[in-house]
Every structure is written in C-alpha cells, then in structure tokens.
Amino acid sequence: MTVLKFNDSVFDQFPVLKTERLILREIIPSDADIIFKNYSDQEVMKYFGRELYKDISEAEKKILDTGTDFREKNGIRWAVCFRENNVMIGSGGIWRIQKDHLRGEIGYELSKEFWGNGIMTEALKEIVKFGFEKMNLHSIEANLDPENTGSVRLLEKLGFIREGYFAESYYFNGKFTDTGTYSLLNKDHE
Ligand SMILES: CC(C)(COP(=O)(O)OP(=O)(O)OC[C@H]1O[C@@H](n2cnc3c(N)ncnc32)[C@H](O)[C@@H]1OP(=O)(O)O)[C@@H](O)C(=O)NCCC(=O)NCCS
C-alpha cells in the first residue's frame, strides 16, 4: 500500500511561480495599497459576502495573517503581478488545507481594470499545478456564489466540476445566498 503524504517542504521557502505574463510572489507590506483598493471595491467584493475594508490597517493585517499562515504551514497566498513591473494586481492561493486528506481550497481576486484578459486563468493554472505537483494534493475545492458567473466560468475552464449545491447556505447583510462547491481531482488535471 502506498501512503500518500502532503509535502510540507513547500513551506521551506516562499515558492515564486512564473507564467508567460505573470510572476506570482510573496505578498509584502508595500502591497497594502492594492489589497486595500481591491477589498474596498464593491464590484470586486460583490460575491465575497463580507464587509468591505474601510481602512488600510485591515489590508496590513491581512498581509500579516497571510505571512503567519505560510509560516505555520497552513496555506499559501501569492501576489499576482505582471512580470515586467512586479506590481501586484490581485492574489490567489490555496488555503484551508486538510493535509490528512490531501485537499485544499482555492481563492482569488483581481483588480477590475484587468478582468477579462485571461489573467486569472493563467495564474490559477500555475497555482493548481503547484497544488497537485508540489504540495501533493489529491483534490482542490472552490466554494462560490453561483451568481458569480465570471468565477464559475473560470473554474469550468480549469476543469473544475460542480459537485455540490447548497441552497441559502450563506448569510450576510440580512440575505441568504446559495453556495456552489466545485472540485478538481489530481488525476483529471491536465
Ligand atoms: C473572477 C475573476 C477572478 C476572473 O478573473 P479574470 O482574469 O477576469 O478571468 P479570465 O479573464 O481568466 O476569464 C476566465 C473565463 O471567465 C470568463 N469571464 C470572466 N469574467 C466574466 C464575467 N464577469 N461574466 C462572464 N464570464 C466571465 C472569461 O470570458 C473567460 O472565459 P472564456 O475564455 O470562455 O471567454 C475576476 O472577475 C475577479 O476578480 N472577480 C472578483 C473577485 C471574485 O469574485 N473572486 C472569486 C471569488 S469565488
């Protein structure tokens, strides 16, 4: 019997990833402005079901929390940047990792001026590949509001399949919304 194991060595050193147009690097303190911009933007956050950021200190705290998550070997969130200037335009990562079950969850967001150019497809392809090939995950999950059509399309393009649908499962701001649970298995990943 082969016993599969999560590869904790992915946390030894922050793994920088590169694609044709992008560099995915560690999120650093000077990224607070762009994180604040995105997390305080009503359109970007429309389907997140949480309060918009009101103060830059919330972005600074997020950066600290992301660093702690990495140091404690719980998850990795990359700053998605254009290769030519290394300026952050969004982020993506794998978190809520269940090491015993070799399963993780992806999350992502991009500044709205860059939507529709295939950027997140390019970034997530690399992140998913990292999850399967380096972390040794067996499956990757995504949870989202089914009305988030851009995100649904993005996941389907990457080969994710909707495996669950939970009606009125998320409560925020006096309103219940549905949740779609998507997943991709290592063996089905190109
Ligand atoms: C979802 C999001 C990350 C997509 O990023 P992106 O870089 O614009 O995505 P891509 O350009 O790679 O597009 C992927 C596919 O989705 C489609 N798509 C993107 N946005 C869309 C939209 N609003 N409506 C319908 N389709 C959309 C694209 O056309 C493309 O499909 P195609 O190749 O068949 O044309 C971006 O819209 C975003 O940051 N949204 C706000 C944050 C968010 O909702 N995050 C996800 C939480 S679960």
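All ligand and atom numbering here is 1-based and tracks the order in the structure. All of these numbers come straight from a predicted model, not from anything done at the bench. Just so it is clear, the values below take in all heavy atoms, side chains as well, and ignore hydrogens, waters and symmetry mates.
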State, yes or no, whether a side-chain contact exists between Ile89 and Phe82 at a heavy-atom distance under 4.5 Å.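 In contact.
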
Measure the shortest side-chain to side-chain distance between Ile140 and Phe132 over non-hydrogen atoms and say whether it is less than 4.5 angstrom.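 Yes, close enough: below the 4.5 Å cut-off.
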
Between Phe6 and Leu185, is there shared hydrophobic-cluster membership here, with clusters defined by ILVMFWY side-chain heavy atoms closer than 4.5 Å?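 Phe6 does not cluster with Leu185.
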
Establish whether Val44 and Trp78 are linked, either directly or via other cluster members, by ILVMFWY side-chain heavy-atom contacts under 4.5 Å.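 Yes; Trp78 is reachable from Val44 via cluster members.
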
Could you pull out all residues at least two apart from Asp188 that satisfy side chain to side chain donor-acceptor pair (under 3.5 Å)?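 Scan of Asp188 (side chain to side chain donor-acceptor pair (under 3.5 Å), adjacent residues dropped) gives none.
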
Sidechain N-carboxylate O distance under 4.0 Å for Lys99, Asp8: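 Yes, this pair counts.
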
Give the residues near ligand 1 by chain and number, with the criterion being a heavy-atom distance under 4.0 Å.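 Around ligand 1, where the cutoff is 4.0 Å for heavy atoms, the contacting residues are Val44, Phe48, Tyr108, Glu109, Leu110, Trp115, Gly116, Asn117, Gly118, Ile119, Met120, Thr121, Leu144, Asn148, Thr149, Gly150, Ser151, Arg153, Leu154, Lys157.
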
